[in-house]
Amino acid sequence: MRYSQAFLPTIKEVPKDAVDASHVLLLRGGYIRMVGAGIYEMLPLGQRVLKRVQAIIRREMDAANAQEVLMPAILPATYFQETGRYDLYGPVLLRLKDRKGGEYHLGPTHEEIITDMVRREVKSYRQLPLNLYQIQMKYRDEARPRAGLMRCREFMMKDAYSFDVSEEKAFESYATMREAYHRIFKSLGLDYRIVEADSGQIGGKTSAEFQVLAQSGEDRIVACTKCDYAANVEVAEARIDTTKADFGKTPERLLVKTPKTKSIEQVVAFFAKDDAPKSADGAFGTNRILKTLAYLVPSKDPKKERAADAVATPDEIALVVVRGDHEVNEILVARALGVDEVHLASENDVKAVLGVGPGFVGPVAPKVALRTLVDHAAAAVADGVCGANQWDHHFAHVAYGRDFEGEVMHLRLVGAGDECPKCGGGLEAYRGIEGGHIFVLGTHYSSKMKATFLDETGESKPFVMGCYGIGVTRLMASAIEQHHDADGIRWPMSIAPYQATVLSLGNEPEIVEAAEKLYEALKAKGVDVLLDDRHERPGVKLKDADLVGIPLRIAIGKRGLAEGKAEVKLRSDADVTMIAMDEVVEAIATKVVALGGKLL
RNA sequence: CGGGGCGUAGCGCAGUUUGGUAGCGCGCACGGUUCGGGACCGUGAGGUCGAAGGUUCAAAUCCUUUCGCCCCGACCA
């Protein structure tokens, strides 16, 4: 391609609304443009990258015996109604009506459609296993689209679905996909971690996320420095402190007047005063405070709508006790209580049930008996402080097992500094971008949709399913988050829009001719190359080349040409190499292959 | 959905407080001088000031409504 003929509008200034590197650089480099919030168009360069990412995904999916299909993006409501997700998805679903008033929506994911496809056509265990995938635009009316291609309302996804005869076989399919995903993420040149994760609304139990490490990532993950343990903080665990409270040493429980002492900091400051009660080993630090939070537990009956002005009743409130220096993991709380989600109870709800406001709530002798969940670490505190369930009062010298009871479990957010639950090694915290997510679904969808086959004994059984997603457009942006500098993008060779770019630095006929000749020779060799033949000053071409981020740059200028040489530079490297003109083509072709590219 | 911010030329912005004929930089077109890290000079094109309604002799500016976009949070197969 010749730059002079290319639709490649680069921008010198940083677009006002872009913050994250990938967003800024995709706009500035002429890759994408916004049409609406979370809706983007791909310019020629963007489309080239996208096609390269797709090609890698197709190659590995095909190699893993998955077969490509294409499902519609416009879906009749009946499919999602069949599994209840038409309501479950709520406003995220982009709904529409046809001329007859029939209800439709745009597909946010396709479990129901593929399950229907398979139940209609597959009747026997002899036709299994089956793995079908597609690459297609998905539609989710996100509450808050952000950061360019990172979180869009329309985005490209590769979604695959496996169908097996048994749970055991389903896990084999899952393992095959996991290996394929490893190959894909490596081919894309991404630094990533595979982590344990929450399955969310999709159903099923076993799942893993492929998290691309990036400071701008929305997800928080922890990974062990010694073993392969890694998890999203949503579900991360840590080695449990098994030190038991030694009641022999814990003094008698003491009611202390603590006026206006609500926050953890205030409590610690209060007990740090000279005249305040002390624990046997000194002050009551943050890690000795038993932080007690009241959660509103929604009714398990979905038909029972809670009125906006309703006041909580005792059976709707659960107490969660964690150490003052720990944070509650609400996903774990919800899971323990068997509900989809929990929210902190409002001040009014807390007062209504406990007769006291947040800040003075504690697990010891509440006004009414409440379900109480205690984090392991909090249960191990031998001599702690907690709210006394009376205004302006706390208890000192309290311990789980002696002063209060509850269900002990893992309830807190794990972070850097915690110990690995597998090996005891140190955990490190990272930010990640969820680039892929794989699930064993079991029979969650097949049962609801009566998608069954006959096994070898003639018995009718639901398919055991798995599903496997990759955010294609998101990965394109993720690659930039990981590969850029102050001047622009540094594409990995495997997904770069062009493998090499030839710059003619100067408008002298011999320079233009040499660049043209090299361009044609590289093309003939099978190198995907962009020739910057614009009548621009060298500075403009060099700046644009850095911004666009093509991995290999060959500059033809007066200086080098005098010696019969071209200047070759890697975008990811500061050094330049002078190579004789008649050796450049071979050198570039070799470099392209060495960096993981393929000649045409 | 809660909080905050912003809509003025293709892009980035000033002008709004205190109403009085809409401006700057980049980009674009033409001419000239330049030519190895986003050149310079000159000339020129380009705007219903997001939209609607209101106040006023007069509205980018004041009032009301509305639409859109961004950031933080909540949410997120």
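Labels below follow one simple rule: chain letters A, B, ... track the order of the sequence lines, proteins then strands, and each chain is numbered from 1. This is a predicted model, so every value here is computed, not measured.
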A:Thr206 versus A:Phe171: any side-chain heavy-atom pair under 4.5 Å? yes

Counting side-chain heavy atoms from CB outward, which of B:A39, B:C6, B:C69 is closest to A:Val540? B:A39

Could you tell me if A:Arg95 sits above the aromatic ring of A:Tyr86, with its cationic atom closer than 6.0 Å to the ring centre and no more than 45 degrees from the axis? yes

Please work out if A:Arg553 contacts a base, only the sugar-phosphate, or nothing of the nucleic acid, heavy-atom cut-off 4.0 Å. base

Identify, between A:Tyr40 and A:Ile556, the residue whose nearest nucleotide on RNA chain B lies closer to the 5' end. A:Ile556

Heavy-atom distance under 4.5 Å between the side chains of A:Arg33 and A:Leu43, does that happen here? yes

Have a look at A:Ala545 and say if it touches a base, only the backbone sugar-phosphate, or nothing, with a 4.0 Å heavy-atom cut-off. nothing

Over all strands shown, is A:Val19 touching base, sugar-phosphate only, or nothing at heavy-atom distances under 4.0 angstrom? sugar-phosphate

When all nucleic acid strands are considered with a 4.0 Å heavy-atom cut-off, which category describes A:Arg28: base, sugar-phosphate, or nothing? base

Whole-Å distance separating the CG atom of A:Leu8 from the C1' atom of B:G38: 15 Å

For the side chain of A:Arg146 and the base of B:G73, is some donor closer than 3.5 Å to an acceptor across the two? no

Less than 3.5 Å between a donor and an acceptor, one on the side chain of A:Asp544 and one on the base of B:G38, is that the case here? yes

Is any side-chain nitrogen or oxygen of A:Arg537 closer than 4.0 Å to OP1 or OP2 of B:A39? yes

Looking across every strand, which nucleic acid part, if any, lies under 4.0 Å from A:Ala143 by heavy atom: base, sugar-phosphate, or nothing? base

When we call it a touch if two heavy atoms are under 4.0 Å apart, what does A:Lys12 touch: a base, just sugar-phosphate, or nothing? base

Please state how far atom CZ in A:Arg144 lies from atom C1' in B:C72, giving the value in whole angstrom units. 6 Å

Pick base, sugar-phosphate or nothing for A:Asp546, based on heavy-atom distances below 4.0 Å to the nucleic acid. base

What nucleic acid atoms does A:Gly506 come within less than 4.0 Å of, heavy atoms only: base, sugar-phosphate, or nothing? nothing

Rounded to the nearest Å, what distance is computed from the CD atom of residue A:Glu330 to the P atom of nucleotide B:A74? 9 Å

Whole angstroms only, please: what is the CZ-P distance between A:Arg153 and B:C76? 18 Å

How close or far is atom C1' of B:C76 from atom CD1 of A:Ile433, stated in whole angstroms? 15 Å

Do A:Ile511 and A:Leu505 have side-chain heavy atoms sitting under 4.5 Å apart? no

Hey, is the side chain of A:Glu13 pairing donor to acceptor with the base of B:G25 inside 3.5 Å? yes

Side-chain-base donor-acceptor pair under 3.5 Å for A:Glu567 and B:G36: yes

What integer distance in Å separates A:Ile39:CD1 from B:G68:C1'? 12 Å

In Watson-Crick or G-U wobble terms, with both distances under 3.5 Å, the base opposite B:G36 is none

With salt bridge (Lys or Arg N to Asp or Glu O under 4.0 Å) as the test, pick out the partner of A:Glu218 among A:Arg431, A:Arg144, A:Arg151. A:Arg151

Nearest-Å distance for atom pair CG/C1', residues A:Leu505 and B:G36: 6 Å

